[in-house]
Number of protein chains: 2
Amino acid sequence: MKYYSYENFKNDTNSLIEKVRSSDFDAIVAIARGGLTLSHVMAEGLEIRQVQSIRTELYDKTDKRDQISIFVKCDFKSAKKVLVVDDIADSGDTLKVVMECLESDFSDIDFSSATLFYKKTSIYEPNFWINEAKEWIEFFWEKDFCHSKNT
Amino acid sequence: MKYYSYENFKNDTNSLIEKVRSSDFDAIVAIARGGLTLSHVMAEGLEIRQVQSIRTELYDKTDKRDQISIFVKCDFKSAKKVLVVDDIADSGDTLKVVMECLESDFSDIDFSSATLFYKKTSIYEPNFWINEAKEWIEFFWEKDFCHSKNT
(Lines give C-alpha, C1' and ligand atoms only; values in the text may rest on other atoms or scores of the structure.)
Protein backbone atom coordinates (compact mmCIF):
# COMPACT_ATOMS: atom_id res chain seq x y z
CA MET A 1 0.00 0.00 0.00
CA LYS A 2 1.34 3.39 -0.98
CA TYR A 3 0.36 6.57 0.84
CA TYR A 4 -0.28 9.33 -1.65
CA SER A 5 0.32 12.64 0.10
CA TYR A 6 -0.98 16.10 -0.68
CA GLU A 7 2.50 17.06 -1.91
CA ASN A 8 2.51 14.17 -4.42
CA PHE A 9 -1.00 15.12 -5.45
CA LYS A 10 -0.05 18.76 -5.96
CA ASN A 11 2.86 17.92 -8.24
CA ASP A 12 1.02 15.29 -10.27
CA THR A 13 -2.12 17.40 -10.63
CA ASN A 14 -0.12 20.32 -11.95
CA SER A 15 1.33 17.94 -14.56
CA LEU A 16 -2.17 16.69 -15.40
CA ILE A 17 -3.43 20.26 -15.74
CA GLU A 18 -0.67 21.01 -18.25
CA LYS A 19 -1.49 17.83 -20.19
CA VAL A 20 -5.15 18.72 -20.64
CA ARG A 21 -4.90 22.52 -20.90
CA SER A 22 -4.58 22.73 -24.68
CA SER A 23 -7.82 20.75 -25.12
CA ASP A 24 -9.80 23.75 -23.86
CA PHE A 25 -12.49 21.91 -21.93
CA ASP A 26 -15.65 23.86 -21.09
CA ALA A 27 -16.83 21.76 -18.17
CA ILE A 28 -15.71 19.10 -15.72
CA VAL A 29 -17.63 16.11 -14.39
CA ALA A 30 -16.30 14.71 -11.11
CA ILE A 31 -16.95 11.07 -10.34
CA ALA A 32 -17.83 11.12 -6.63
CA ARG A 33 -16.33 10.61 -4.26
CA GLY A 34 -12.83 9.83 -5.59
CA GLY A 35 -12.74 12.51 -8.26
CA LEU A 36 -14.08 15.42 -6.21
CA THR A 37 -10.86 16.97 -4.89
CA LEU A 38 -9.04 16.46 -8.19
CA SER A 39 -11.92 18.04 -10.12
CA HIS A 40 -11.96 21.01 -7.78
CA VAL A 41 -8.29 21.85 -8.11
CA MET A 42 -8.19 21.13 -11.85
CA ALA A 43 -11.14 23.47 -12.34
CA GLU A 44 -9.25 26.14 -10.38
CA GLY A 45 -6.06 25.62 -12.36
CA LEU A 46 -7.88 25.56 -15.71
CA GLU A 47 -10.30 28.33 -14.71
CA ILE A 48 -13.34 26.22 -15.52
CA ARG A 49 -16.44 27.25 -13.57
CA GLN A 50 -18.76 24.47 -14.71
CA VAL A 51 -18.06 21.57 -12.36
CA GLN A 52 -20.65 18.97 -11.47
CA SER A 53 -20.45 15.59 -9.84
CA ILE A 54 -22.00 12.23 -10.56
CA ARG A 55 -22.27 9.43 -8.11
CA THR A 56 -21.96 5.77 -8.93
CA GLU A 57 -22.79 2.78 -6.84
CA LEU A 58 -21.62 -0.78 -7.13
CA TYR A 59 -24.23 -3.29 -6.10
CA ASP A 60 -22.42 -6.58 -6.26
CA LYS A 61 -18.68 -6.86 -6.06
CA THR A 62 -18.63 -10.30 -7.65
CA ASP A 63 -20.06 -9.02 -10.91
CA LYS A 64 -19.58 -5.30 -10.91
CA ARG A 65 -19.83 -4.46 -14.55
CA ASP A 66 -23.58 -4.89 -14.84
CA GLN A 67 -24.30 -3.42 -11.46
CA ILE A 68 -23.10 0.14 -11.65
CA SER A 69 -25.77 2.79 -11.27
CA ILE A 70 -25.21 6.42 -12.06
CA PHE A 71 -26.98 9.04 -10.00
CA VAL A 72 -27.63 12.68 -10.74
CA LYS A 73 -28.32 13.77 -14.27
CA CYS A 74 -25.84 16.15 -15.80
CA ASP A 75 -26.68 19.53 -17.27
CA PHE A 76 -24.06 20.82 -19.65
CA LYS A 77 -25.75 23.93 -20.95
CA SER A 78 -23.64 25.06 -23.91
CA ALA A 79 -20.55 22.94 -23.17
CA LYS A 80 -18.97 21.25 -26.18
CA LYS A 81 -15.90 19.60 -24.63
CA VAL A 82 -16.22 17.98 -21.22
CA LEU A 83 -13.56 16.36 -19.06
CA VAL A 84 -14.59 13.46 -16.81
CA VAL A 85 -12.31 13.23 -13.77
CA ASP A 86 -11.64 10.40 -11.33
CA ASP A 87 -8.73 9.58 -9.03
CA ILE A 88 -7.85 6.20 -10.52
CA ALA A 89 -8.77 3.80 -13.31
CA ASP A 90 -8.38 0.61 -11.28
CA SER A 91 -10.70 -2.06 -12.66
CA GLY A 92 -11.91 0.64 -15.04
CA ASP A 93 -15.52 -0.50 -14.63
CA THR A 94 -16.83 2.79 -13.30
CA LEU A 95 -15.14 5.01 -15.85
CA LYS A 96 -16.14 2.75 -18.73
CA VAL A 97 -19.82 2.81 -17.74
CA VAL A 98 -19.79 6.54 -17.00
CA MET A 99 -18.20 7.40 -20.34
CA GLU A 100 -20.61 5.15 -22.24
CA CYS A 101 -23.62 6.67 -20.48
CA LEU A 102 -22.49 10.26 -21.04
CA GLU A 103 -21.59 9.67 -24.69
CA SER A 104 -24.95 8.01 -25.27
CA ASP A 105 -26.98 10.69 -23.45
CA PHE A 106 -25.10 13.68 -24.89
CA SER A 107 -24.05 12.66 -28.37
CA ASP A 108 -23.20 16.23 -29.43
CA ILE A 109 -20.60 16.65 -26.66
CA ASP A 110 -16.98 15.54 -26.95
CA PHE A 111 -16.03 13.72 -23.73
CA SER A 112 -12.52 12.91 -22.51
CA SER A 113 -11.34 11.41 -19.25
CA ALA A 114 -8.47 12.11 -16.86
CA THR A 115 -7.14 10.32 -13.79
CA LEU A 116 -4.05 10.51 -11.63
CA PHE A 117 -3.53 6.74 -11.70
CA TYR A 118 -4.07 4.05 -14.28
CA LYS A 119 -3.67 0.33 -13.70
CA LYS A 120 -2.53 -1.63 -16.73
CA THR A 121 -5.23 -4.26 -16.05
CA SER A 122 -8.00 -1.66 -16.23
CA ILE A 123 -10.60 -2.40 -18.93
CA TYR A 124 -10.65 1.33 -19.73
CA GLU A 125 -7.69 3.64 -20.35
CA PRO A 126 -8.32 7.33 -19.62
CA ASN A 127 -7.35 9.82 -22.30
CA PHE A 128 -5.05 11.52 -19.80
CA TRP A 129 -3.31 9.91 -16.84
CA ILE A 130 -0.11 10.49 -14.89
CA ASN A 131 1.04 7.43 -12.93
CA GLU A 132 0.80 3.72 -13.41
CA ALA A 133 -0.68 2.17 -10.26
CA LYS A 134 1.36 -0.85 -9.33
CA GLU A 135 0.09 -1.24 -5.78
CA TRP A 136 -2.89 -0.13 -3.72
CA ILE A 137 -2.96 3.67 -3.43
CA GLU A 138 -4.09 5.25 -0.18
CA PHE A 139 -5.03 8.82 -1.08
CA PHE A 140 -4.51 11.59 1.48
CA TRP A 141 -8.24 12.27 1.49
CA GLU A 142 -8.85 8.71 2.70
CA LYS A 143 -6.11 8.77 5.33
CA ASP A 144 -5.81 12.29 6.73
CA PHE A 145 -9.37 12.71 7.97
CA CYS A 146 -10.60 10.95 11.08
CA HIS A 147 -13.00 8.08 10.53
CA SER A 148 -14.31 7.69 14.03
CA LYS A 149 -13.90 9.02 17.54
CA ASN A 150 -12.36 5.73 18.59
CA THR A 151 -9.61 5.35 16.02
CA MET B 1 -4.66 38.17 2.39
CA LYS B 2 -4.07 34.95 4.29
CA TYR B 3 -2.80 31.79 2.60
CA TYR B 4 -4.70 28.80 3.91
CA SER B 5 -2.50 25.75 3.48
CA TYR B 6 -3.38 22.08 3.24
CA GLU B 7 -2.01 21.57 6.77
CA ASN B 8 -4.35 24.26 8.17
CA PHE B 9 -7.20 22.70 6.20
CA LYS B 10 -6.45 19.23 7.51
CA ASN B 11 -6.51 20.33 11.13
CA ASP B 12 -9.61 22.50 10.82
CA THR B 13 -11.52 19.93 8.80
CA ASN B 14 -10.85 17.25 11.39
CA SER B 15 -12.31 19.64 13.99
CA LEU B 16 -15.32 20.28 11.76
CA ILE B 17 -15.84 16.54 11.26
CA GLU B 18 -15.94 16.04 15.04
CA LYS B 19 -18.41 18.92 15.41
CA VAL B 20 -20.90 17.45 12.96
CA ARG B 21 -20.35 13.74 13.60
CA SER B 22 -23.04 13.29 16.27
CA SER B 23 -25.69 14.73 13.93
CA ASP B 24 -25.51 11.56 11.81
CA PHE B 25 -25.98 13.11 8.38
CA ASP B 26 -27.01 10.76 5.55
CA ALA B 27 -25.83 12.87 2.63
CA ILE B 28 -23.64 15.84 1.75
CA VAL B 29 -24.27 18.59 -0.79
CA ALA B 30 -21.15 20.41 -1.96
CA ILE B 31 -21.50 23.95 -3.20
CA ALA B 32 -19.21 24.03 -6.24
CA ARG B 33 -16.52 24.94 -6.64
CA GLY B 34 -15.48 26.14 -3.16
CA GLY B 35 -17.07 23.31 -1.20
CA LEU B 36 -15.89 20.39 -3.33
CA THR B 37 -12.65 19.44 -1.59
CA LEU B 38 -14.11 19.99 1.87
CA SER B 39 -17.15 17.85 1.01
CA HIS B 40 -14.94 15.08 -0.31
CA VAL B 41 -12.77 14.78 2.78
CA MET B 42 -15.69 15.25 5.19
CA ALA B 43 -17.55 12.45 3.40
CA GLU B 44 -14.47 10.26 3.78
CA GLY B 45 -14.08 11.10 7.47
CA LEU B 46 -17.79 10.65 8.19
CA GLU B 47 -18.12 7.62 5.91
CA ILE B 48 -20.96 9.18 3.93
CA ARG B 49 -21.24 7.83 0.38
CA GLN B 50 -23.98 10.14 -0.87
CA VAL B 51 -22.17 13.28 -2.02
CA GLN B 52 -23.48 15.52 -4.75
CA SER B 53 -22.64 19.01 -5.88
CA ILE B 54 -24.65 22.03 -6.86
CA ARG B 55 -23.35 24.94 -8.83
CA THR B 56 -24.36 28.53 -8.33
CA GLU B 57 -23.74 31.50 -10.53
CA LEU B 58 -23.80 35.17 -9.72
CA TYR B 59 -25.02 37.29 -12.57
CA ASP B 60 -24.56 40.81 -11.31
CA LYS B 61 -22.18 41.67 -8.52
CA THR B 62 -23.90 44.95 -7.74
CA ASP B 63 -27.09 43.21 -6.66
CA LYS B 64 -26.18 39.62 -6.06
CA ARG B 65 -28.98 38.46 -3.87
CA ASP B 66 -31.60 38.28 -6.59
CA GLN B 67 -29.20 37.01 -9.19
CA ILE B 68 -28.03 33.68 -7.89
CA SER B 69 -28.98 30.71 -10.00
CA ILE B 70 -28.68 27.16 -8.79
CA PHE B 71 -27.80 24.45 -11.27
CA VAL B 72 -28.25 20.70 -11.04
CA LYS B 73 -31.22 19.30 -9.23
CA CYS B 74 -30.50 17.22 -6.18
CA ASP B 75 -31.63 13.66 -5.66
CA PHE B 76 -31.63 12.62 -2.03
CA LYS B 77 -33.22 9.18 -2.29
CA SER B 78 -33.98 8.18 1.30
CA ALA B 79 -31.81 10.78 3.05
CA LYS B 80 -33.38 12.47 6.06
CA LYS B 81 -30.52 14.68 7.32
CA VAL B 82 -28.36 16.47 4.79
CA LEU B 83 -25.28 18.62 5.34
CA VAL B 84 -24.63 21.48 2.90
CA VAL B 85 -20.92 22.27 2.70
CA ASP B 86 -19.04 25.33 1.46
CA ASP B 87 -15.60 26.75 2.16
CA ILE B 88 -16.68 30.12 3.54
CA ALA B 89 -19.76 32.13 4.44
CA ASP B 90 -18.45 35.49 3.22
CA SER B 91 -21.35 37.68 2.12
CA GLY B 92 -23.55 34.67 2.91
CA ASP B 93 -25.64 35.28 -0.20
CA THR B 94 -24.95 31.93 -1.83
CA LEU B 95 -25.52 29.82 1.26
CA LYS B 96 -28.69 31.68 2.17
CA VAL B 97 -30.21 31.14 -1.27
CA VAL B 98 -29.07 27.53 -1.47
CA MET B 99 -30.51 26.67 1.96
CA GLU B 100 -33.80 28.38 1.16
CA CYS B 101 -34.11 26.56 -2.16
CA LEU B 102 -33.28 23.17 -0.69
CA GLU B 103 -35.62 23.62 2.28
CA SER B 104 -38.41 24.70 -0.02
CA ASP B 105 -37.88 21.89 -2.56
CA PHE B 106 -37.35 19.12 0.01
CA SER B 107 -39.53 20.03 2.95
CA ASP B 108 -39.26 16.57 4.54
CA ILE B 109 -35.46 16.74 4.81
CA ASP B 110 -33.58 18.35 7.68
CA PHE B 111 -30.79 20.52 6.21
CA SER B 112 -27.81 21.93 8.10
CA SER B 113 -24.78 23.81 6.82
CA ALA B 114 -21.06 23.73 7.54
CA THR B 115 -18.15 25.92 6.48
CA LEU B 116 -14.53 26.35 7.48
CA PHE B 117 -14.82 30.15 7.64
CA TYR B 118 -17.53 32.53 8.70
CA LYS B 119 -17.41 36.30 8.35
CA LYS B 120 -19.31 38.20 11.01
CA THR B 121 -20.87 40.43 8.33
CA SER B 122 -22.37 37.43 6.50
CA ILE B 123 -26.16 37.57 6.19
CA TYR B 124 -26.25 33.82 6.90
CA GLU B 125 -24.53 31.96 9.75
CA PRO B 126 -23.79 28.29 9.05
CA ASN B 127 -24.88 25.78 11.69
CA PHE B 128 -21.28 24.61 11.99
CA TRP B 129 -18.17 26.68 11.31
CA ILE B 130 -14.57 26.74 12.58
CA ASN B 131 -12.82 30.07 11.98
CA GLU B 132 -13.90 33.66 11.85
CA ALA B 133 -12.64 35.18 8.58
CA LYS B 134 -11.09 38.54 9.34
CA GLU B 135 -9.23 38.98 6.07
CA TRP B 136 -9.34 37.58 2.55
CA ILE B 137 -8.58 33.84 2.58
CA GLU B 138 -6.57 32.36 -0.25
CA PHE B 139 -7.29 28.63 -0.15
CA PHE B 140 -4.59 26.16 -1.17
CA TRP B 141 -6.82 24.93 -4.01
CA GLU B 142 -6.80 28.44 -5.47
CA LYS B 143 -3.07 28.98 -5.04
CA ASP B 144 -1.27 25.63 -5.46
CA PHE B 145 -2.48 24.78 -8.97
CA CYS B 146 -1.12 26.56 -12.00
CA HIS B 147 -3.47 28.97 -13.71
CA SER B 148 -1.65 29.36 -16.97
CA LYS B 149 1.51 28.33 -18.75
CA ASN B 150 2.82 31.86 -18.47
CA THR B 151 2.47 32.51 -14.75
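Residue numbers start from 1 in every chain, and the chains themselves are labelled A, B, ... in the order their sequence lines are given, proteins ahead of strands. Only heavy atoms go into these numbers, but all of them, side chains included; no hydrogens, no water, no symmetry mates. The structure presented is a predicted model; accordingly, all values stated were derived computationally and were not measured.
Side chain of B/R33 to main chain of A/I48: a donor-acceptor pair is present (N/O by atom type, distance under 3.5 Å, no hydrogens or angles). Within the 3.5 Å criterion, the main-chain N or O of A/V41 finds no donor-acceptor partner in the side chain of B/D144.
Residues of residues 107-114 of chain B lying under 4.5 angstrom from chain A, judged on non-hydrogen atoms, do not exist.
With a 4.5 Å cut-off on non-hydrogen atoms, B/E7 does not touch chain A at all. For chain A, the nearby parts of B/A43 are the backbone and the side chain; heavy atoms of each come within less than 4.5 Å. Residue contact with chain A, scored on non-hydrogen atoms closer than 4.5 Å, is absent for B/L38.
Residues A/V98 and A/F25 do not share a hydrophobic cluster, clusters being chains of Ile/Leu/Val/Met/Phe/Trp/Tyr side chains in contact below 4.5 Å. Residues A/L102 and A/I31 share a hydrophobic cluster, clusters being chains of Ile/Leu/Val/Met/Phe/Trp/Tyr side chains in contact below 4.5 Å. Taking hydrophobic clusters as Ile, Leu, Val, Met, Phe, Trp and Tyr residues chained together by side-chain heavy-atom distances below 4.5 Å, B/I88 shares a cluster with B/Y3. A/V84 and A/L16 end up in different hydrophobic clusters when Ile, Leu, Val, Met, Phe, Trp and Tyr side chains are linked at under 4.5 Å. In terms of hydrophobic clustering, with Ile, Leu, Val, Met, Phe, Trp and Tyr side chains grouped at heavy-atom distances under 4.5 Å, B/L95 and A/V51 are assigned to different clusters.
Under the 4.5 Å side-chain criterion, counting only non-hydrogen atoms from C-beta, A/Q52 is not in contact with B/R55.
The distance from atom CE of A/M42 to atom CZ of B/F145, rounded to the nearest 0.5 Å, is 10.5 Å. To the nearest 0.5 angstrom, B/H40 atom NE2 is 9.5 Å from A/S39 atom OG. A/C146 contributes atom SG, which lies 7.5 Å from atom CG of B/L46 (distance to the nearest 0.5 angstrom).
More than 12 heavy-atom neighbours from other residues, nucleotides or ligands sit within 6.0 angstrom of NZ on A/K81.
Ring-plane geometry between A/F140 and B/Y6 is classed as perpendicular, the angle between the planes exceeding 60 degrees on a 0 to 90 degree scale with a lower cut at 30.
Note on B/L36, B/T13, B/I17: by heavy-atom pairs under 4.5 Å with chain A, the leading option is B/L36.
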